[in-house]
Amino acid sequence: RRLIEKSQGAFEAPSFSKHWSMLEQIADEGLEEKRKFLAPPGELIYQTERREILESCRIFLNGEEKYYKGQVPQYFELAFGTRDNEHEVLGKVRSVELVLPAGEKISFQGKIDRIDLMPAGTYRIIDYKTGGSGNYKKGKPYRHGEQLQHALYALALKKILKKKFPDKKVIISESGYYFPTAYGRGKLVLYKQENANEVLEIVEILLDIVSKGVFPMTQKPDHFMCRDYQDIMDQNEAISVNGKSGKKYERESAFDNLRRMKQFE
């Protein structure tokens with residue numbers, strides 16, 4: 001963010017050769033400032049972590065250059081409904097109300113990392129991720145209800161901007177995730193948002209599952225970061241809601257909503 005804001009007065013296409021020294025300086029300044037309040041265990045550890053951070057910075061800047069299509073960053077860290085929801089450009093941004101297909105309403109809050117204005121006048125949402133990118137597949141935006149953030153943020157941003165600029169046409173063309181670390185391999189995964197309202201059906205199904213108290217066992221322990229308990233989980237009977245190993249449950253109505261989730265890839 002600081003790199004982009006430094007050059008925002010005369011924005012130019014990201015270039016590693018032009019902007020690396022500036023980004024390296026920003027990173028080192030941030031590390032030194034952090035060091036004043038949080039002393040590292042030792043100089044060796046500090047230098048190791050510094051190298052990792054600078055490597056992520058290199059990946060980020062190379063990615064900015066590689067993926068550049070004329071977009072101009074417009075807003076950063078747009079919090080809505082949270083305690084830090086006083087945005088420096090848009091002012092106070094309250095939580096967003098979403099209307100589910102059956103007519104019920106829910107209040108939604110969060111923080112959007114970055115919003116770009118595209119050359120065509122549409123907006124693109126980027127959420128930065130520090131983890132791995134393996135589970136994020138192009139063409140499969142929802143992963144059966146496990147991946148909803150990009151679509152929910154698209155709905156929220158449209159409502160926020162329409163409220164701030166009622167006479168302006170607001171289109172969220174893409175929303176997705178950027179992995180600017182060695183672990184994430186600098187991958188950028190974007191999803192078209194013309195059918196973003198589809199996520200409301202998924203939310204409605206998930207809330208219905210919770211309201212009915214149906215909490216089936218996960219078949220993959222690592223889905224919920226339970227790898228440390230793999231042995232315990234493996235001793236339980238795995239219940240498949242639509243596979244051969246769960247035939248005795250195939251007519252169980254409690255799993256109807258889970259089966260419905262399978263359509264949302």
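The analysis underlying the following values was restricted to heavy atoms, covering all of them including side chains, and did not include hydrogens, waters or symmetry mates.
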> Quick check: are there more than 12 heavy atoms from other residues, nucleotides or ligands sitting under 6.0 Å from NZ of Lys92?
Replying inline: yes
> Got more than 12 heavy atoms from elsewhere within 6.0 Å of CZ, Arg94?
Replying inline: no
> What residues, two or more places apart in sequence or in another chain, satisfy ring-ring contact (aromatic ring centres under 6.0 Å, His included) together with Phe16?
Replying inline: Trp20
>> Could you measure the distance from the CG atom of Leu155 to the CD1 atom of Ile172? Nearest 0.5 Å is fine.
In response: 9.0 Å
Could you list the donor-acceptor pairs under 3.5 angstrom formed by side chains in residues 102-113, with sequence neighbours left out?
residue, atom, partner, partner atom, Å
Ser107, OG, Ser95, OG, 3.1
Lys111, NZ, Asp84, OD2, 2.7
Asp113, OD2, Tyr128, N, 2.8

> What is the minimum heavy-atom distance between Pro180 and Phe60, and which atoms define it?
Replying inline: CB-CB, 3.8 Å
>> Checking the side chain of Glu65 only, and the main-chain atoms of Asn62 only, is there a donor and an acceptor separated by less than 3.5 Å?
In response: no
>> Show every salt bridge (charged side-chain N to carboxylate O under 4.0 Å, His left out) that has at least one partner inside residues 13-28, sequence neighbours left out.
In response: Glu12-Lys18, Asp28-Arg50
> Taking only residues two or more places apart in sequence or in another chain, which ones pass side chain to side chain contact (heavy atoms under 4.5 Å, CB included) with Lys36?
Replying inline: Glu33
> Transitively linked via ILVMFWY side-chain contacts under 4.5 Å: Val96 with Val99?
Replying inline: no
> With sequence neighbours left out, what residues match Arg58 under side-chain hydrogen bond (donor to acceptor under 3.5 Å, both in side chains)?
Replying inline: none
> Would Lys212 and Asp208 pass as an ion pair if we require N to O under 4.0 Å?
Replying inline: yes
>> Measuring from atom CD1 of Ile115 to atom CG of Leu78, what distance do you get when rounded to the nearest 0.5 angstrom?
In response: 4.5 Å
> Would a distance-only check, ignoring hydrogens and angles, find a side-chain to backbone donor-acceptor pair under 3.5 Å from Ser133 to Gly184?
Replying inline: yes
>> If you compare all heavy atoms of Phe76 against all heavy atoms of Glu88, which two are closest, and at what distance to 0.1 Å?
In response: O-OE2, 4.5 Å
> Which pair of heavy atoms, one from Cys57 and one from Ala27, lies closest together, and at what distance?
Replying inline: SG-CB, 4.0 Å
> Can you name the residues that form a side chain to side chain contact (heavy atoms under 4.5 Å, CB included) with Tyr68, not counting sequence neighbours?
Replying inline: Phe11, Ala13, Pro14, Gln71
>> As an exercise, state the distance from CD1 of Ile209 to CD of Glu204, rounded to the nearest 0.5 Å.
In response: 11.5 Å
> With sequence neighbours left out, what residues match Lys158 under side-chain hydrogen bond (donor to acceptor under 3.5 Å, both in side chains)?
Replying inline: none
>> Can you confirm whether His144 sits close enough to Leu258 that some side-chain heavy atom of one is under 4.5 Å from a side-chain heavy atom of the other?
In response: no
> If you group Ile, Leu, Val, Met, Phe, Trp and Tyr by side-chain heavy-atom gaps below 4.5 Å, do Tyr183 and Ile59 land in one group?
Replying inline: no
> Could you give the distance from NE2 (His19) to CD (Gln25), rounded to the nearest 0.5 Å?
Replying inline: 13.5 Å
Can you list, pair by pair, the side-chain donor-acceptor contacts under 3.5 Å of residues 189-197, counting residues two or more places apart and other chains?
residue, atom, partner, partner atom, Å
Tyr191, OH, Lys137, O, 2.9
Tyr191, OH, Gln147, NE2, 3.0
Lys192, NZ, Glu174, OE2, 3.4
Gln193, NE2, Tyr191, O, 3.0

> Does the side chain of Leu152 reach to within under 4.5 Å of the side chain of Leu98, using non-hydrogen atoms?
Replying inline: yes
>> Testing the basics here: between Asn85 and Phe80, what is the closest heavy-atom pair and its distance to 0.1 Å?
In response: CB-CA, 4.3 Å
>> Under the rule for side-chain hydrogen bond (donor to acceptor under 3.5 Å, both in side chains), what residues qualify as partners of Lys162, not counting sequence neighbours?
In response: none
> Would you call Gln149 and Lys129 a side-chain contact if the rule is heavy atoms closer than 4.5 Å?
Replying inline: yes
> Is there a donor-acceptor pair under 3.5 Å between the side chain of Ser173 and the backbone N or O of Tyr123?
Replying inline: yes
> With Tyr75, which of Leu161, Ile125, Leu117 fulfils side chain to side chain contact (heavy atoms under 4.5 Å, CB included)?
Replying inline: Leu161
>> Test side-chain contact (heavy atoms from CB on, under 4.5 Å) on Tyr142 and Val199; report intermediate values, then the result.
In response: CA-CA 8 Å; Tyr142 300 119; Val199 75; 4.1 Å; yes
>> Using the side chain to side chain contact (heavy atoms under 4.5 Å, CB included) criterion, which residues pair with Arg83? Sequence neighbours excluded.
In response: none
> Remaining members of Tyr46's ILVMFWY cluster at a side-chain heavy-atom cut-off under 4.5 Å?
Replying inline: Leu31, Ile53
> Do you reckon Met118 sits in the same ILVMFWY cluster as Tyr178, going by side-chain contacts under 4.5 Å, direct or chained?
Replying inline: no
> Can you tell me how far the CZ atom of Arg114 sits from the CD atom of Gln74, to the nearest 0.5 Å?
Replying inline: 11.0 Å
>> Starting from Leu44, can I reach Leu54 by hopping between I/L/V/M/F/W/Y residues whose side chains sit under 4.5 Å apart?
In response: no
> Of all residues at least two apart in sequence or in a different chain, which pass the ring-ring contact (aromatic ring centres under 6.0 Å, His included) check with Tyr136?
Replying inline: Tyr177, Phe179
>> One pair to check against side-chain contact (heavy atoms from CB on, under 4.5 Å): Ile126 and Leu188. What are the steps and the verdict?
In response: CA-CA 9 Å; Ile126 297 291; Leu188 175 66; 3.8 Å; yes
> Say you draw a straight line from NZ of Lys164 to NE2 of His87; how long is it, rounded to the nearest 0.5 Å?
Replying inline: 10.5 Å
> Does the side chain of Leu207 reach to within under 4.5 Å of the side chain of Val203, using non-hydrogen atoms?
Replying inline: yes
